[in-house]
Amino acid sequence: MNWYTESWSDECKFSIAYDEKIYSEKTPFQQIDFYKGKEFGTFFTLDGLMMVNEKDEFIYHEMIVHPAFATNPNIKRVLIIGGGDGGTAREVLRYKSVEEVVMVEIDERVFRLCQKYLPVTAGGIEEEPRMTLKFEDGLAYVKKAPDASFDLILVDSTDPISVGEGLFTIEFYQECYRVLRNDGILINQHESPYFLNMQKI
């Protein structure tokens, strides 16, 4: 039995047993690794940090999406920054009232590999006619987006290291504010409120 482990503090570690490492790739942006085990099914890591697992991905994806729609049921245009596993887009697309979803993911390989190894999140997303995929930097995309062009921005980013750092800056949130409509909503992945350092060991 093999173990994937993240050290969250000196006295707390998170571990998942896995049967096999099914894929590994170093992209120009980050290290991507896919694992498969009995308890959590398939899961993947970016730069050694857990992103999504098959067993409980619905908890994160439902919570990042549905509160906004409960608050404003008239959301028409949605921008997803990151979200390369496809799960956030999957939940947004459940709403028939949504007219357009733009997903901006910096690393195309994350999405392509999730299509192959995690179809529960990425399957069918690209084929949806309301979906626009853009594989580029999220901050750069928001900078060139028109004023008041989105009803909802979902920042489904990686951790605030490496390629994700720009999505945790004042500049990024100022640009998001500009491209949101007057009643627009922004929701972001904002790390654990309990653990300051989360590193793979």
Student: With distance as the sole test, does Arg130 use its side chain to make a donor-acceptor pair with the main-chain N or O of Leu93 at under 3.5 Å?
Tutor: yes
Student: Looking at every non-hydrogen atom in both residues, tell me the closest pair between Thr42 and Leu118 and how far apart they are.
Tutor: O-CD2, 3.9 Å
Student: Tracing side-chain links under 4.5 Å among I, L, V, M, F, W and Y, which residues wind up in one group with Phe58?
Tutor: Ile59
Student: I'd like to check Ser24 versus Phe34 (side-chain heavy atoms, cut-off strictly below 4.5 Å). Are they in contact?
Tutor: no
Student: Between the side chain of Gln30 and the main-chain N/O of Asp47, is any donor-acceptor distance below 3.5 Å?
Tutor: no
Student: Centres of the Phe69 and Tyr95 rings: under 6.0 Å?
Tutor: yes
Student: Ignoring hydrogens and angles, tell me if any N or O in the side chain of Arg77 forms a donor-acceptor pair with the backbone of Ser149 under 3.5 Å.
Tutor: yes
Student: For Lys143, what residues pass the salt bridge (Lys or Arg N to Asp or Glu O under 4.0 Å) criterion, not counting sequence neighbours?
Tutor: Glu171
Student: Quick one: are Asp33 and Tyr4 in side-chain contact, heavy atoms under 4.5 Å?
Tutor: no
Student: Would you say Glu6's side chain and Met50's backbone share a donor-acceptor pair under 3.5 angstrom?
Tutor: yes
Student: For side-chain hydrogen bond (donor to acceptor under 3.5 Å, both in side chains), just list the numbers for Tyr60 and Asp156, CA-CA rounded to whole Å, side-chain angles, deciding distance to a tenth of an Å, and then say yes or no.
Tutor: CA-CA 10 Å; Tyr60 172 83; Asp156 185 1; 2.6 Å; yes
Student: Using 4.0 Å as the upper bound for N to carboxylate O, is an ion pair formed by Glu25 and Arg109?
Tutor: yes
Student: I want to know whether Phe40 and Tyr18 have ring centres closer than 6.0 Å.
Tutor: no
Student: Start with the C-alpha gap between Glu57 and His61, add the side-chain angles, then the distance that decides, and say whether side-chain hydrogen bond (donor to acceptor under 3.5 Å, both in side chains) holds.
Tutor: CA-CA 6 Å; Glu57 56 80 18; His61 291 127; 2.7 Å; yes
Student: For Glu136, is there an ion pair with Lys144 - N to carboxylate O distance below 4.0 angstrom?
Tutor: yes
Student: Please report the interatomic distance NZ(Lys55) to CZ(Phe43), rounded to the nearest 0.5 Å.
Tutor: 12.5 Å
Student: Got a second to check how far Tyr23's OH is from Leu113's CG, nearest 0.5 Å?
Tutor: 5.0 Å
Student: Would you say Glu20's side chain and Ile22's backbone share a donor-acceptor pair under 3.5 angstrom?
Tutor: no
Student: With a 3.5 Å distance limit and no angle check, can you tell me whether Thr121 reaches the backbone of Asp85 through a side-chain donor-acceptor pair?
Tutor: yes
Student: Examine distances only and state if a side-chain atom of Asp151 and a backbone atom of Gly184 form a donor-acceptor pair shorter than 3.5 Å.
Tutor: no
